[in-house]
Amino acid sequence: MHESLSNELTQSIRTMQSDEQAMAIFGPQNDNLSSFEEELGVTLNTRGRQLIINGTEDAVLQMGEILAELEQLSEKKISIQPMDIINAIRLSKNGQLDQFIRMYEKEITRDYNGRPIRVKNVGQSKYVQAVKKNDIVFGVGPAGTGKTFLAVAMAVSALRKGEVKRIILTRPAVEAGENLGFLPGDLKEKVDPYLRPLYDSLYTILGVEHTGRLMERETIEIAPLAYMRGRTLDDAFVILDEAQNTTIQQMKMFITRLGFGSKMIINGDVTQIDLPRGTASGLIHGQRTLNNVDGIGMVNFSSEDVIRHPLVSKVINAYETQEKAEKEKNKK
């Protein structure tokens with residue numbers, strides 16, 4: 001006899017409304033179904049538009065609830081990507097599935113092809129809300145959570161709406177295993193290759209040509225952090241990327257550049273600090289020092305907010321587990 005009814009094996013058959021909806025949810029060659037099977041422990045088979053679900057009662061019920069949300073997304077003519085499937089599963093596991101559709105109802109802006117840019121998970125949604133409410137926001141978490149891209153999208157949106165007159169993107173001139181002094185050119189030329197993620201985000205949203213024109217007019221400025229010293233940044237949307245590699249003095253210098261009519265986003269990943277040994281990270285110190293200051297928002301992303309291949313989240317978790325184990329070992 002089973003411990004509870006929820007562990008009883010059962011079967012459910014769900015029929016999609018159209019072949020197009022079936023293709024959108026099942027994925028090409030039914031590729032999306034493996035994510036459900038792996039994450040929920042169900043067994044899935046298709047027969048045309050029908051999806052045959054086998055598993056425990058709880059898992060089958062959970063699968064049905066997720067499918068209902070994805071069907072709504074399909075009815076809204078929103079293209080369903082593999083990441084949307086993963087996101088719906090994660091939200092369901094965390095008891096937050098009711099937030100799934102809401103995240104697709106508001107767009108931040110559109111890219112140069114007219115495609116809407118929206119948040120992709122709860123972490124990103126909190127990030128956007130924090131930026132709306134505060135003039136300074138810290139976005140801290142692992143790579144792949146979309147911090148940089150979202151920040152640039154919000155900056156472009158503010159520029160398009162006339163809320164700011166310019167966008168300033170910056171980062172410290174520190175890189176893992178690299179000595180900038182050996183690279184040719186002045187400081188800006190040396191650090192430009194490391195600003196590539198910022199350029200890539202702009203190119204995706206505005207297109208290469210339009211980005212180039214805005215940079216020529218100095219409506220958009222991309223520069224190393226050293227170029228911020230001594231300035232007051234009014235009517236600007238300012239983004240500091242890779243902030244874990246700032247010193248305490250650099251972080252204080254940067255934040256105090258904030259002028260009237262401006263917003264600042266400070267992004268970083270505290271697990272990827274490349275500062276010399278013994279140098280404290282301005283990001284960690286800034287979070288601790290400014291945590292309770294009104295007008296400053298703090299958003300922490302986790303591995304569950306990663307919007308890259310699902311394996312990336314597992315890799316991040318594995319590294320975090322290993323690092324914790326090593327710390328505990330060193331304490332003994």
Side-chain angles (χ1 to χ4, degrees), residues 106-119 124 127-139 146-173 186-189 191-192 194-243 246 250-268 286 290 293-297 299:
K106 293 181 181 179
E107 62 182 58
I108 299 169
T109 190
R110 289 181 175 258
D111 67 17
Y112 74 104
N113 286 318
R115 293 173 299 208
I117 296 171
R118 301 182 177 95
V119 298
Q124 289 192 352
Y127 184 56
V128 170
Q129 291 304 314
V131 174
K132 288 180 179 179
K133 290 180 182 177
N134 301 281
D135 287 338
I136 298 174
V137 171
F138 284 73
K147 302 184 298 294
T148 298
F149 183 78
L150 264 187
V152 173
M154 286 185 279
V156 170
S157 175
L159 184 67
R160 285 171 169 169
K161 292 175 182 176
E163 295 170 356
V164 296
K165 294 179 181 176
R166 54 186 173 149
I167 296 171
I168 299 172
L169 311 173
T170 186
R171 62 165 287 176
D186 61 19
L187 180 56
K188 187 176 186 307
E189 290 171 326
V191 84
D192 254 6
Y194 302 122
L195 293 163
R196 184 53 50 189
L198 297 170
Y199 283 104
D200 289 344
S201 297
L202 285 169
Y203 293 158
T204 298
I205 299 167
L206 293 170
V208 176
E209 291 183 7
H210 190 38
T211 298
R213 288 195 296 271
L214 291 174
M215 290 182 70
E216 286 174 9
R217 297 176 203 157
E218 297 186 345
T219 302
I220 294 178
E221 178 185 349
I222 304 179
L225 183 59
Y227 281 44
M228 300 298 114
R229 191 173 298 277
R231 302 172 62 181
T232 300
L233 307 174
D234 291 324
D235 300 313
F237 202 114
V238 192
I239 300 169
L240 171 60
D241 214 24
E242 301 290 341
T246 60
Q250 285 174 327
M251 179 62 74
K252 181 180 177 184
M253 177 275 291
F254 174 76
I255 292 175
T256 54
R257 301 307 94 199
L258 182 70
F260 290 103
S262 292
K263 280 187 179 288
M264 277 185 171
I265 294 181
I266 298 161
N267 287 332
L290 305 173
V293 176
D294 287 340
I296 297 180
V299 179

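These numbers were taken from a predicted model, which means no experiment stands behind them.
Each of Leu233, Ile222, Leu240 was evaluated against Ile168; a single residue qualifies, Leu233, per the side chain to side chain contact (heavy atoms under 4.5 Å, CB included) test.
Across all their heavy atoms, Val299 and Ala130 have their closest contact at CG2-CB, 3.6 Å. Nearest heavy-atom pair, Met253 versus Met228, reported as atom, atom and distance to 0.1 Å: SD-C, 4.0 Å. Thr109 approaches Ala153 most closely through the heavy-atom pair CG2-O, 3.7 Å. When all heavy atoms are compared, the tightest approach of Lys147 to Gly139 is CD-O, 3.5 Å. Contact record, Ile266 with Ala243: CG2-CB, 3.5 Å, taken as the closest heavy-atom pair. Nearest approach of Leu214 to Leu206, heavy atoms of both residues: CD1-CD1, 3.8 Å.
To the nearest 0.5 Å, the span separating CG on Leu202 from CD1 on Ile220 amounts to 5.0 Å. The distance from the OG1 atom of Thr170 to the CE atom of Met264 is 10.0 Å, given to the nearest 0.5 Å. Remark: Ser262 OG to Asp234 CG distance equals 5.5 Å, nearest 0.5 Å. Distance check: Lys252 NZ to Leu290 CG gives 11.0 Å after rounding to the nearest 0.5 Å. To the nearest 0.5 Å, atoms CG (Leu225) and CD (Gln250) are separated by 5.0 Å. The CG atom of Leu198 sits 5.0 Å away from the CG atom of Asp241 when rounded to the nearest 0.5 Å.
Contact check for Leu150 versus Tyr127: side-chain heavy atoms found under the 4.5 Å cut-off. Contact of the Lys263 side chain with the Val131 side chain is registered, since non-hydrogen atoms from C-beta on lie closer than 4.5 Å. With a 4.5 Å cut-off on side-chain heavy atoms, Asp200 and Phe149 do not count as touching.
Considering only residues two or more places apart in sequence or on other chains, Arg213 meets the salt bridge (Lys or Arg N to Asp or Glu O under 4.0 Å) condition with none of them. Phe237 is linked by a ring pair (Phe, Tyr, Trp, His ring centres under 6.0 Å) to nothing, counting only residues two or more places apart in sequence or in another chain. For Val208, the side chain to side chain contact (heavy atoms under 4.5 Å, CB included) criterion is met by Tyr203, not counting sequence neighbours.
In this structure a side-chain-to-backbone donor-acceptor pair under 3.5 Å is present from Arg257 to Arg231. The main-chain N or O of Arg115 is never found under 3.5 Å from a side-chain atom of Asn113 such that the two would form a donor-acceptor pair. Proximity of a side-chain donor or acceptor of Ser157 to a complementary backbone N or O of Ile108 within less than 3.5 Å is detected. Proximity of a side-chain donor or acceptor of Lys106 to a complementary backbone N or O of Arg118 within less than 3.5 Å is not detected. Under the 3.5 Å distance criterion, the side-chain polar atoms of Lys133 are left unmatched by any main-chain donor or acceptor of Gly297.
Cation-pi geometry between Arg196 and Tyr199 is met: the NZ or CZ atom falls under 6.0 Å from the ring centre, inside 45° of the normal.
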